[in-house]
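A short write-up of the structure that comes next.
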Amino acid sequence: MKNKSVRRICCTIISTITIMGTALGVSADTADKLYTFSLYTSEANTGSYYKDNSSSVYVNPTMSPANGVQFAGYRYDGATWYNETIGGWAYIAAGTKRRLRTNIYENAGYKRTLCRLSGKLLSGGSPYEGKIARGYWSPDTAGSYPAAN
């Protein structure tokens with residue numbers, strides 16, 4: 001009888017831990033999100049999404065103007081957007097999948113926070129030419145890609 005009670009208590013504890021871990025767990029947002037930047041102005045931005053961990057931001061440009069595009073990852077604190085890209089803006093060529101190293105999650109106190117991807121023409125390009133950049137990105141990276149910065 002004593003063994004059954006101990007077993008029951010152990011099963012209850014294990015079940016509770018499993019349920020709590022599943023309910024509290026937040027999975028990384030690694031789904032590809034399409035971006036299209038019309039670079040008529042100095043900078044264009046994606047919509048905002050939650051960043052759930054300290055992994056890099058994934059960027060996969062599929063089309064860029066001839067002179068290229070630089071990318072940056074931004075963190076939102078409820079009032080202001082901050083460029084959290086390590087080393088500032090980073091160039092990523094079209095047709096390459098890269099991870100953009102940032103401190104978005106870290107500077108948000110290691111908690112889930114809103115972020116966005118921004119793009120601007122590489123130096124020498126005129127924003128008035130209406131250049132288009134397109135590709136995919138995600139706030140969190142799954143897999144191993146070369147760093148852009």
Side-chain angles (χ1 to χ4, degrees), residues 10-149:
C10 287
C11 286
T12 302
I13 291 170
I14 291 171
S15 297
T16 303
I17 291 170
T18 303
I19 290 169
M20 287 178 63
T22 304
L24 296 175
V26 176
S27 63
D29 186 356
T30 59
D32 281 358
K33 290 145 188 48
L34 177 67
Y35 71 83
T36 302
F37 293 151
S38 298
L39 298 170
Y40 290 100
T41 60
S42 60
E43 190 176 315
N45 305 298
T46 64
S48 55
Y49 292 89
Y50 281 103
K51 180 152 185 56
D52 296 314
N53 62 40
S54 60
S55 69
S56 297
V57 172
Y58 167 77
V59 184
N60 176 13
T62 57
M63 183 178 90
S64 293
N67 57 318
V69 176
Q70 298 179 87
F71 295 91
Y74 278 76
R75 171 183 61 89
Y76 188 61
D77 72 353
T80 305
W81 287 97
Y82 296 95
N83 183 345
E84 298 287 3
T85 309
I86 295 172
W89 292 81
Y91 168 72
I92 303 176
T96 62
K97 296 177 181 179
R98 295 285 184 260
R99 59 187 175 91
L100 186 63
R101 296 178 312 124
T102 70
N103 285 318
I104 295 170
Y105 189 76
E106 295 80 354
N107 289 343
Y110 294 91
K111 63 182 185 200
R112 190 174 202 230
T113 189
L114 282 174
C115 74
R116 71 180 184 203
L117 180 70
S118 295
K120 68 178 183 179
L121 290 173
L122 199 57
S123 298
S126 168
Y128 305 106
E129 295 174 18
K131 311 234 180 197
I132 302 295
R134 184 173 292 125
Y136 299 93
W137 81 287
S138 67
D140 301 306
T141 300
S144 178
Y145 302 97
N149 54 338

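All values below were derived from every heavy atom in this structure, side-chain atoms included, with hydrogens, water molecules and symmetry-related copies excluded.
Within the model, atoms OG of Ser56 and CZ of Arg101 stand 7.0 Å from one another, a figure rounded to the nearest 0.5 Å. Asp52 CG to Thr113 OG1: the interatomic distance, rounded to the nearest 0.5 Å, is 10.0 Å. A distance of 13.0 Å separates OG of Ser38 from NZ of Lys131, quoted to the nearest 0.5 Å. Separation of atoms CG (Asn45) and CG (Leu117) is listed at 8.5 Å; rounding is to 0.5 Å.
Formation of a donor-acceptor pair under 3.5 Å by the Tyr105 side chain with backbone atoms of Tyr110 is found in this model. At least one donor-acceptor pair closer than 3.5 Å links the side chain of Tyr76 to the backbone N or O of Gly78. Side chain of Asp77 to backbone of Thr80: a donor-acceptor contact under 3.5 angstrom is found. A donor-acceptor pair under 3.5 Å is absent between the side-chain atoms of Thr102 and the main chain of Glu84, judged by distance alone.
For residues 138-147, the set of pairs meeting the side chain to side chain donor-acceptor pair (under 3.5 Å) definition, not counting sequence neighbours, comprises Lys51-Asp140. Sorted by first and then second residue, the pairs that involve residues 27-37 and meet salt bridge (charged side-chain N to carboxylate O under 4.0 Å, His left out), not counting sequence neighbours, are Asp29-Lys33.
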Please tabulate, one pair per line, all N/O donor-acceptor pairs under 3.5 Å involving side-chain atoms of residues 59-66, not counting sequence neighbours.
{"unit_1": "Asn60", "atom_1": "ND2", "unit_2": "Tyr58", "atom_2": "OH", "d": "3.4"}
{"unit_1": "Thr62", "atom_1": "OG1", "unit_2": "Arg134", "atom_2": "O", "d": "3.1"}

What side-chain donor-acceptor pairs closer than 3.5 Å can you find for residues 86-98, not counting sequence neighbours?
{"unit_1": "Thr96", "atom_1": "OG1", "unit_2": "Ala93", "atom_2": "O", "d": "2.6"}

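Between Glu43 and Lys120 there is no salt bridge, since no side-chain nitrogen of the basic residue lies less than 4.0 Å from a carboxylate oxygen of the acidic one.
Side-chain contact check for Tyr82 versus Asn107: every heavy-atom pair is 4.5 Å or farther apart.
Taking each heavy atom of Leu100 and Ala72 in turn, the nearest pair found is CD2-C, 3.8 Å. Residues Lys111 and Ala108 come closest through the heavy atom pair CG-O, 3.0 Å. Here the shortest heavy-atom pairing between Gln70 and Leu122 reads CG-CD1, 3.3 Å. Among all heavy-atom pairs drawn from Ser48 and Arg116, the shortest one is CA-CB, 4.4 Å.
Ring geometry, Phe71 versus Phe37: the interplanar angle falls from 30° to 60°, so the pair is classed tilted.
At least one cation-pi condition fails for Arg75 and Trp81: the charged atom is not both under 6.0 angstrom from the six-membered ring centre and inside a 45 degree cone around its axis.
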Under the side chain to side chain contact (heavy atoms under 4.5 Å, CB included) rule, what do Val69 and Leu39 come out as? Steps first, then yes or no, please. CA-CA 9 Å; Val69 176; Leu39 298 170; 4.0 Å; yes
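The side-chain contact (heavy atoms from CB on, under 4.5 Å) test applied to Ala142 returns Thr30, not counting sequence neighbours. With sequence neighbours excluded, no residue forms a ring pair (Phe, Tyr, Trp, His ring centres under 6.0 Å) with Tyr74.
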